[in-house]
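Here's the structure we're looking at; comments come further down.
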There are 2 protein chains.
Amino acid sequence: MREVMKKKDIEVKFRVFEDRCRQSGLKVTPQRVAVYKALIGTDLHPTAEEVHRMVKQDIHSISLDTVNRTLLTLAEIGAAFQVEGTGQRRRFDGDLENHQHFRCIKCGKIVDFHHKPFDNIDIPAQLHGQFQVMRKTVYLEGLCQTCSAVSSS
Amino acid sequence: MREVMKKKDIEVKFRVFEDRCRQSGLKVTPQRVAVYKALIGTDLHPTAEEVHRMVKQDIHSISLDTVNRTLLTLAEIGAAFQVEGTGQRRRFDGDLENHQHFRCIKCGKIVDFHHKPFDNIDIPAQLHGQFQVMRKTVYLEGLCQTCSAVSSS
DNA sequence: TGACAAATAAGAGCTAATCCTATTTAGTAG
DNA sequence: CTACTAAATAGGATTAGCTCTTATTTGTCA
């Protein structure tokens, strides 16, 4: 559904990002910018290693540790999200728009899906005092078509 | 809301579990049973290591690997769930009843909450062919009270 | 009761993530 | 433009959670 972002859009988002960094007292380093741009330029829920591979094309010397640290930082300032799921390997998502996830409990695959009614669910009033909610996701688990076929045979 | 399960309830669930194992062609070993009972007897989303510690009281020689393997198996046959979340450490949940999770993006804490309307959300029709949905969770991310206070100071 | 596939224990091995430290750099004030 | 300082980075070492391997044990079913 969502197309991979165009260069121009990335530039626009970048200014917002830059502001957000300075507000949080974070330096706008080339590494940080490169990681951010790489992340919002894909919709594949990349791992740190995958982002590292992408970013290396621009900044040859960037370390995996920096990418990891930066991705966590982005998640902390709300410029990206960790994808909820499996637990083996951390995956990130630069798409801040509403979308939902399905995860297969057998093969671990995570699939995006969109469903308008889910975009507008209301946070229960009881939570208002307790939490500052920045993201709502409907998370479904079960068997994908492939695994479903295998396990019933 | 949910009280930790009483011994009698655990015994009832255990019979269901036993059947489910045999149906899946799995042996009902003491280790498997102990892990299962430990998991449904708590609501703390334990890690494999935590379950291991609990189970060791009954079966002194049980290995961490067995606990890990068993927990994954339980999740595979639908007798338990992996808690969606963080990505560092795998956590499990033996509570198959409807409940939702909030996760703090700063400290990683996962908190259960209950909200009736979320228990009855409908799976979008578009997914019916693609996935066999076994669990629906509304997953909220943001800042908990503690972290919210710290970051605004 | 015997046979066999499945499960287990124990430890080795693997891999993602984190830590450590010397060096570099963005932001800022002069 | 220059100098300063705290923050960020590179690179390698370390850690920790999880998985694999192998020999042994144990449910299950005939």
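Keep in mind that this is a model prediction, so the values were computed, not measured.
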Original post:
In whole angstroms, how far is the C1' atom of C:dA10 from the CD1 atom of B:I62?
Top reply: 13 Å

Subject >> d(CZ, B:R90; C1', C:dA17) in whole Å >> reply: 15 Å

Original post:
Contact class for B:L71 vs. all strands (heavy atom < 4.0 Å): base, sugar-phosphate, or nothing?
Top reply: nothing

Original post:
Got a sec, which residues hit ring pair (Phe, Tyr, Trp, His ring centres under 6.0 Å) with B:F131, two or more places apart in sequence or on another chain?
Top reply: A:F102

Original post:
Start at the 5' end of DNA chain D and walk down; is the nucleotide closest to A:I59 or to B:T29 reached first?
Top reply: A:I59

**OP:** Please check the phosphate of D:dT26 (OP1 and OP2 only) for any side-chain N or O of B:Q31 closer than 4.0 Å.
**Re:** no

Subject >> Any A:T66 side-chain N or O less than 4.0 Å from OP1/OP2 of D:dA10 >> reply: yes

Original post:
Nearest heavy-atom pair of A:K13 and A:I40: which atoms, and what distance?
Top reply: CB-CD1, 3.9 Å

**OP:** Map B:R69 and B:L26 onto DNA chain D by nearest heavy atom, then report which one ends up closer to the 5' terminus.
**Re:** B:R69

**OP:** May I have the distance from A:R89 (atom CZ) to C:dA17 (atom C1'), rounded to whole angstrom?
**Re:** 11 Å

Subject >> Polar side-chain contact B:D65-D:dC18 base: donor and acceptor under 3.5 Å >> reply: no

Subject >> Heavy-atom side-chain proximity of A:L140 to A:R103 below 4.5 angstrom >> reply: no

Subject >> Gap between atoms CD and C1', on A:E49 and C:dT18 respectively (whole Å) >> reply: 16 Å

Subject >> Test: B:R15 and B:D19 ion pair at under 4.0 Å >> reply: no

**OP:** Record whether the side chain of B:K27 comes under 3.5 Å of the base of C:dA6 through a donor-acceptor pair of N or O atoms.
**Re:** yes

Original post:
If you look at every strand shown and take non-hydrogen atoms under 4.0 Å, does B:L64 touch a base, only sugar-phosphate, or nothing?
Top reply: nothing

Subject >> Rounded distance (Å) that lies between atom P of C:dT15 and atom NE2 of A:H52 >> reply: 18 Å

Subject >> Spacing of A:R91 atom CZ relative to C:dT15 atom P, expressed in whole Å >> reply: 16 Å

Throw together a table of side-chain donor-acceptor distances under 3.5 angstrom for residues 48-59 of chain A, partners on residues two or more places apart or in other chains.
from: A:E49; atom 1: OE1; to: A:R89; atom 2: NH2; distance (Å): 2.3
from: A:E50; atom 1: OE1; to: A:T47; atom 2: N; distance (Å): 2.8
from: A:E50; atom 1: OE1; to: A:R91; atom 2: NH1; distance (Å): 3.4
from: A:H52; atom 1: NE2; to: A:I62; atom 2: O; distance (Å): 2.8
from: A:H52; atom 1: NE2; to: A:L64; atom 2: N; distance (Å): 3.4

Subject >> Distance, rounded to the nearest Å, where B:N68 contributes CG and D:dA16 contributes C1' >> reply: 12 Å

**OP:** For A:R32 and D:dA10, give me the distance from atom CZ to atom P, rounded to whole Å.
**Re:** 11 Å

